[in-house]
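Residue numbering restarts at 1 for every chain, and letters A, B, ... go by the order of the sequence lines. Keep in mind that what you see is a predicted model, and the values were worked out from it rather than measured.
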Protein chains: 2
Amino acid sequence: MSERHRRARREEVERNDEALLRAARAVFSEDGAHASVASIAARAGVGIGTMYRRYPTKDALLQHLCRLSLEEYLAAAQAGLADPDPWGGFAHYLTAAVLCGTGTLGSIAGTVAVTDEMADLSARGDAVASEVVERARKAGVLRPDINDVDVVLLIEQLGRSPLVEQVVRHGRTDLVDAAERARERLIRVALDGLRAEPAEPLPGPPPEWALFTERWRRRDAEPGSSGR
Amino acid sequence: MSERHRRARREEVERNDEALLRAARAVFSEDGAHASVASIAARAGVGIGTMYRRYPTKDALLQHLCRLSLEEYLAAAQAGLADPDPWGGFAHYLTAAVLCGTGTLGSIAGTVAVTDEMADLSARGDAVASEVVERARKAGVLRPDINDVDVVLLIEQLGRSPLVEQVVRHGRTDLVDAAERARERLIRVALDGLRAEPAEPLPGPPPEWALFTERWRRRDAEPGSSGR
DNA sequence: AAGATGCGGAGCGGATCGCTCCGCACAACT
DNA sequence: AGTTGTGCGGAGCGATCCGCTCCGCATCTT
């Protein structure tokens with residue numbers, strides 16, 4: 001086999017893999033973990049066999065997807081921390097985290113087996129994100145009654161986009177752009193609500209990490225109190 | 001049959017019906033429209049047969065649920081308009097709409113057949129809500145670059161509570177209260193972000209009602225441009 | 001022409017779902 | 001006590017769907 005041909009094949013394979021991952025993320029986030037592999041393959045425009053040659057099982061695909069998402073999340077937090085401006089870094093972290101759809105996979109967590117690598121990525125991401133939030137609050141640009149957990153919850157809440165999903169489901173692909181722009185406006189609204197000097201303090205005590213217990217935790221680990 | 005006994009029976013039936021509806025709403029909002037009727041009956045603590053005696057089909061149950069939700073949404077908007085304070089009314093409308101879970105059923109819209117009554121309720125709810133938003137904006141308490149559609153989208157976005165769902169799915173019922181309190185904090189954050197005098201204007205043009213085309217619209221109606 | 005390689009999708013066994021239908025518990029009448 | 005009426009629970013049926021296998025085919029190399 002010629003070298004040129006082999007390279008062309010490799011490229012096609014990569015293209016297929018990318019399409020597969022994009023389709024899988026979209027389908028899983030819309031329909032949940034119970035989405036069928038056939039629908040993913042169809043959306044990616046590849047055959048089922050091709051997909052199974054790359055991922056030996058549906059769980060493997062899910063795990064790979066989760067790992068990628070967790071990596072994106074960690075990268076978003078690190079980029080935010082790299083920004084010298086506390087508010088700019090925070091805003092970047094939040095926006096990137098929402099758009100990359102980490103929250104999208106929250107509904108899958110618990111369905112897929114959590115590997116050590118996933119648990120580690122999650123812990124590191126949360127740690128860096130916590131630093132970004134803490135720095136913004138200490139700089140006085142973030143309202144003082146806001147928690148790092150609050151922020152994670154907000155990201156999760158904004159992560160899914162029911163409107164975009166529904167527009168797609170109805171086949172109105174012409175509206176997708178408008179729907180996504182609308183969501184970005186909402187992110188900005190949330191950011192404005194997070195700025196310092198709020199009209200009145202938030203009700204109740206700030207949430208605790210315990211809310212995320214068992215999220216990206218190994219199954220065999222005893223259920224402790226801290227999700228960090 | 002005695003009168004006392006008949007009344008006791010009636011009460012039990014109503015209790016069952018209420019439990020059924022609550023369970024159905026919870027299950028459908030968590031798992032989507034594909035959730036099984038068996039799981040709903042189990043969650044409500046009644047047999048499948050009992051459920052089918054009340055609702056002749058799964059679709060009937062879904063339709064009833066949608067109607068109730070749309071009624072709650074209309075009531076929330078009307079209550080908001082009844083409040084003489086423009087901001088207070090707006091805040092009440094938004095909070096009530098989010099908590100009653102109208103957005104929860106957004107994922108179901110499109111799966112269930114839309115009746116005339118549902119279309120009518122939706123249109124009236126949107127009209128009243130639009131009035132509440134407009135009044136707040138004209139009073140200068142709502143940021144001027146915000147739309148009524150923006151608000152509806154925000155409600156939809158905050159409507160589902162992935163955290164609460166996941167906590168429940170993991171069986172950590174002891175955390176449900178904390179999760180819901182955390183969500184209420186986020187609603188407040190969003191409200192603060194909607195107040196007048198924002199740091200900088202929102203990006204892009206405000207969204208249009210066309211985004212909701214075909215949402216609660218009769219199927220046979222031609223796809224027009226306005227969802228109002 | 002013959003071989004190599006990777007792709008698409010028909011189809012299999014099993015799981016699940018909507019729904020039916022029947023046995024049973026319990027109270028009211030006789 | 002026996003009979004009738006009423007509403008409940010859940011086993012189970014046919015249909016559907018899903019994860020996964022496996023084989024025929026298209027394409028390219030030699």
**Student:** Quick one: does any side-chain atom of Glu180(B) pair with a main-chain N or O of Val164(B) as donor and acceptor, under 3.5 Å?
**Tutor:**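 No, Glu180(B) side chain to Val164(B) backbone: no donor-acceptor pair under 3.5 Å.
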
**Student:** Any Lys/Arg nitrogen of Arg67(B) or Glu71(B) sitting under 4.0 Å from an Asp/Glu carboxylate oxygen of the other?
**Tutor:**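 Salt bridge flag = yes for Glu71(B) with Arg67(B).
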
**Student:** Any side-chain to backbone donor/acceptor pair from Lys58(A) onto Ser36(A)? Under 3.5 Å, distance only.
**Tutor:**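 No, because the side chain of Lys58(A) does not come within donor-acceptor range (under 3.5 Å) of the backbone of Ser36(A).
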
**Student:** Donor-acceptor pair, distance only, cut-off 3.5 Å: does the side chain of Arg183(A) make one with the backbone of Gly159(A)?
**Tutor:** yes

**Student:** Rounded to whole Å, please give me the gap between CD1 in Ile40(A) and C1' in dG19(D).
**Tutor:** 11 Å

**Student:** Tell me, which pairs form a side-chain hydrogen bond (donor to acceptor under 3.5 Å, both in side chains) where one or both residues lie in residues 42-52 of chain A, sequence neighbours left out?
**Tutor:** Glu30(A)-Arg43(A)

**Student:** Between the protein and nucleotides 18-22 of chain C, list every N/O to N/O distance that falls short of 3.5 Å.
**Tutor:**
{"unit_1": "dG18(C)", "atom_1": "OP1", "unit_2": "Ala35(B)", "atom_2": "O", "d": "3.2"}
{"unit_1": "dG18(C)", "atom_1": "OP1", "unit_2": "Lys58(B)", "atom_2": "NZ", "d": "2.5"}
{"unit_1": "dG18(C)", "atom_1": "OP2", "unit_2": "Val37(B)", "atom_2": "N", "d": "2.8"}
{"unit_1": "dC19(C)", "atom_1": "OP1", "unit_2": "Thr57(B)", "atom_2": "OG1", "d": "2.7"}
{"unit_1": "dC19(C)", "atom_1": "OP2", "unit_2": "Tyr52(B)", "atom_2": "OH", "d": "2.8"}
{"unit_1": "dC19(C)", "atom_1": "OP2", "unit_2": "Thr57(B)", "atom_2": "OG1", "d": "3.3"}
{"unit_1": "dC19(C)", "atom_1": "OP2", "unit_2": "Lys58(B)", "atom_2": "N", "d": "2.8"}

**Student:** Expressed as a whole number of angstroms, how long is the span from Phe28(A):CZ to dG19(D):C1'?
**Tutor:**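 It works out to 11 Å between those atoms.
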
